[in-house]
Amino acid sequence: MIPQFDLRDFESDKEGFAQEFGKAFHDFGFVSLKGHGIPQRTLNAAARNATQFFEQPDDVKSRYWQKGMEGITSYTKNFEQARGAKLVDLKEEWFIRTRLPEGHPMAAR
């Protein structure tokens, strides 16, 4: 089962929440979040749009790949092999990430 976290629990135990959150990513790879305040209609629309995009043929999706923008904003198809796995992960991703202003401490990451 996918680990689920309620973001409203963060304030009552920041350290414990962070430890468990990090462990879930380490052990499982992703999590499910609730208590984030995003309206259900927005989540439903995002799920519909993602499904429509990823159901398209590879040649259509690959038009959205932008060299040098991997992990920032573009479509990416990975053939990574997870630690301990015998087969490659046929993962597809669509990234949209905010660009931080020059000089921001996290901008170099």
Side-chain angles (χ1 to χ4, degrees):
M1 184 168 182
I2 298 170
Q4 186 174 70
F5 291 85
D6 190 325
L7 290 178
R8 295 168 290 203
D9 295 337
F10 177 72
E11 286 302 319
S12 64
D13 182 13
K14 291 180 182 176
E15 184 66 30
F17 186 95
Q19 295 264 337
E20 289 299 313
F21 200 68
K23 183 178 180 338
F25 275 103
H26 178 270
D27 295 349
F28 201 80
F30 54 94
V31 300
S32 172
L33 295 175
K34 63 182 184 176
H36 42 64
I38 301 171
Q40 190 60 48
R41 68 183 178 281
T42 302
L43 297 173
N44 293 345
R48 270 193 316 276
N49 290 333
T51 298
Q52 289 171 352
F53 176 79
F54 286 108
E55 286 179 341
Q56 295 180 88
D58 283 344
D59 64 317
V60 173
K61 292 182 287 191
S62 66
R63 291 184 218 155
Y64 295 91
W65 175 72
Q66 296 178 18
K67 184 169 178 54
M69 297 300 282
E70 299 88 348
I72 296 173
T73 182
S74 75
Y75 167 75
T76 304
K77 188 168 188 171
N78 293 318
F79 295 97
E80 299 171 340
Q81 188 166 341
R83 184 176 23 153
K86 297 189 186 320
L87 300 173
V88 295
D89 180 5
L90 303 177
K91 177 173 54 180
E92 297 178 284
E93 303 164 317
W94 181 274
F95 284 99
I96 302 173
R97 186 170 74 181
T98 301
R99 291 183 189 260
L100 298 171
E102 191 174 322
H104 188 282
M106 299 294 287
R109 293 183 179 199

Flag the pair His36 / Leu43 as yes when at least one side-chain heavy-atom distance between them is below 4.5 Å, and no otherwise.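 The answer is yes, as the side chains (C-beta and beyond) meet within the 4.5 Å cut-off.
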
Other cluster members, Met1 - Ile/Leu/Val/Met/Phe/Trp/Tyr, side-chain contacts below 4.5 Å: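 The other cluster members (ILVMFWY side chains, heavy atoms under 4.5 Å, direct or chained): none.
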
Do the side chains of Phe10 and Phe5 join up, straight or via other hydrophobic residues, at under 4.5 Å, putting them in one cluster?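 Shared cluster, yes.
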
Check the hydrophobic clustering (I, L, V, M, F, W, Y; side-chain heavy atoms under 4.5 Å; chains of links allowed) and say if Trp65 and Val60 are grouped together.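 No, Trp65 and Val60 fall in different hydrophobic clusters.
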
Can a side-chain donor-acceptor contact be found between Gln19 and Glu15 if the only test is distance below 3.5 angstrom?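 Side chains of Glu15 and Gln19: pair found under 3.5 Å.
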
Measure the spacing between CG of Asp13 and CD of Glu20 and express it to the nearest 0.5 Å.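 CD of Glu20 is found 9.0 Å from CG of Asp13.
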
Spacing of CZ belonging to Phe30 relative to CD1 belonging to Ile2, to within rounding of 0.5 Å: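 If I round to the nearest 0.5 Å, the distance is 4.5 Å.
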
Counting distance only, does the side-chain N/O of Gln56 pair as donor-acceptor with the main-chain N or O of Phe53 below 3.5 Å?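 Pair found, side chain donor or acceptor close to backbone of Phe53.
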
Which of parallel (below 30°), tilted (30 to 60°) and perpendicular (above 60°) describes Tyr75 and Phe54?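 Tyr75 vs Phe54 ring planes: tilted.
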
What do you reckon, is NE2 of His26 surrounded by more than 12 foreign heavy atoms closer than 6.0 Å?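 Atom NE2 in His26 is not packed in, count stays at 12 or less.
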
Taking all atoms of both residues into account, what is the closest heavy-atom pair of Phe17 and Leu7, and its distance?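 Closest pair (atom of Phe17, atom of Leu7, distance): CZ-CD2, 3.9 Å.
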
Write down the atom of Val31, the atom of Ala24, and the distance for their closest heavy-atom approach.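 Taking Val31 first and Ala24 second, the nearest heavy atoms are CG1-CB, 3.6 Å.
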
Verify side-chain contact (heavy atoms from CB on, under 4.5 Å) between Phe21 and Leu33, making sure each step is shown before the conclusion. CA-CA 10 Å; Phe21 200 68; Leu33 295 175; 3.6 Å; yes

